[in-house]
Amino acid sequence: MERYTIFGRPGCGFCVQAKNLLERKALPFRYVDIYEEGITAESLEKTIGKPVKTVPQIFYGTEYIGGYQELDAHLKATS
C-alpha cells in the first residue's frame with residue numbers, strides 16, 4: 001500500500017482534518033510542515049504542475065490527490 005503525503009502548515013484547519021481522517025482510517029501517511037522544511041509555493045507548483053494557493057496539498061504515493069475535500073472524495077471512492 002502506498003503512503004499518503006500531506007504538505008501543510010501550522011494553524012491550517014484542513015491540514016489537521018486531513019491528518020485526522022487518515023488516522024481514523026488507519027492509513028499510512030507522512031505530514032510535511034512546509035515551513036519547517038523550507039518548501040515554497042513555487043517548489044510545490046513544480047511538483048504538482050499547477051499553481052498552489054492553499055494547503056494541504058496531498059499525494060497518494062506519486063499520485064496528486066488535491067486538498068482535503070479531494071482526499072475525502074478519493075477515500076470514499078476507493079473504499
dist L71:CG -> K76:NZ (nearest 0.5 Å) comes out at 10.5 Å
Answer yes or no: is there a donor N or O on one side and an acceptor on the other, between the side chain of E70 and the main chain of G67, under 3.5 Å?
yes
Rounded distance (nearest 0.5 Å) linking atom CD1 of I34 with atom CD1 of I39:
7.0 Å
Roughly how far, to the nearest 0.5 Å, is the NZ atom of K25 from the OG1 atom of T78?
8.0 Å
Answer yes if V55 and Y31 sit in the same cluster of Ile, Leu, Val, Met, Phe, Trp and Tyr residues linked by side chain heavy atoms under 4.5 Å apart, and no otherwise.
no
Under a 4.5 Å side-chain heavy-atom rule over Ile, Leu, Val, Met, Phe, Trp and Tyr, are F59 and L27 clustered together?
no
Would a single hydrophobic cluster contain both V32 and Y64, if residues Ile, Leu, Val, Met, Phe, Trp and Tyr are joined by side-chain heavy-atom contacts under 4.5 Å?
yes
OG1 (T40) and OH (Y35) are apart, to the nearest 0.5 Å, by 11.5 Å
V16 with L21, same ILVMFWY side-chain cluster at under 4.5 Å:
no
Could you walk me through whether E63 and I65 pass the side-chain contact (heavy atoms from CB on, under 4.5 Å) check?
CA-CA 6 Å; E63 175 191 355; I65 301 296; 3.9 Å; yes
If every non-hydrogen atom of P28 is compared with every non-hydrogen atom of E2, which pair is closest and at what distance?
CG-O, 3.8 Å
Interatomic distance, I58 atom CD1 to C15 atom SG [nearest 0.5 angstrom]
7.5 Å
For T47 and V52, run side-chain contact (heavy atoms from CB on, under 4.5 Å): C-alpha distance rounded to whole Å, both residues' side-chain angles, the deciding distance at 0.1 Å, then the answer.
CA-CA 10 Å; T47 302; V52 173; over 6 Å; no
Check: residues 3-10 side-chain donor-acceptor pairs under 3.5 Å, at least two apart:
| from | atom 1 | to | atom 2 | distance (Å) |
| --- | --- | --- | --- | --- |
| Y4 | OH | H74 | NE2 | 3.0 |

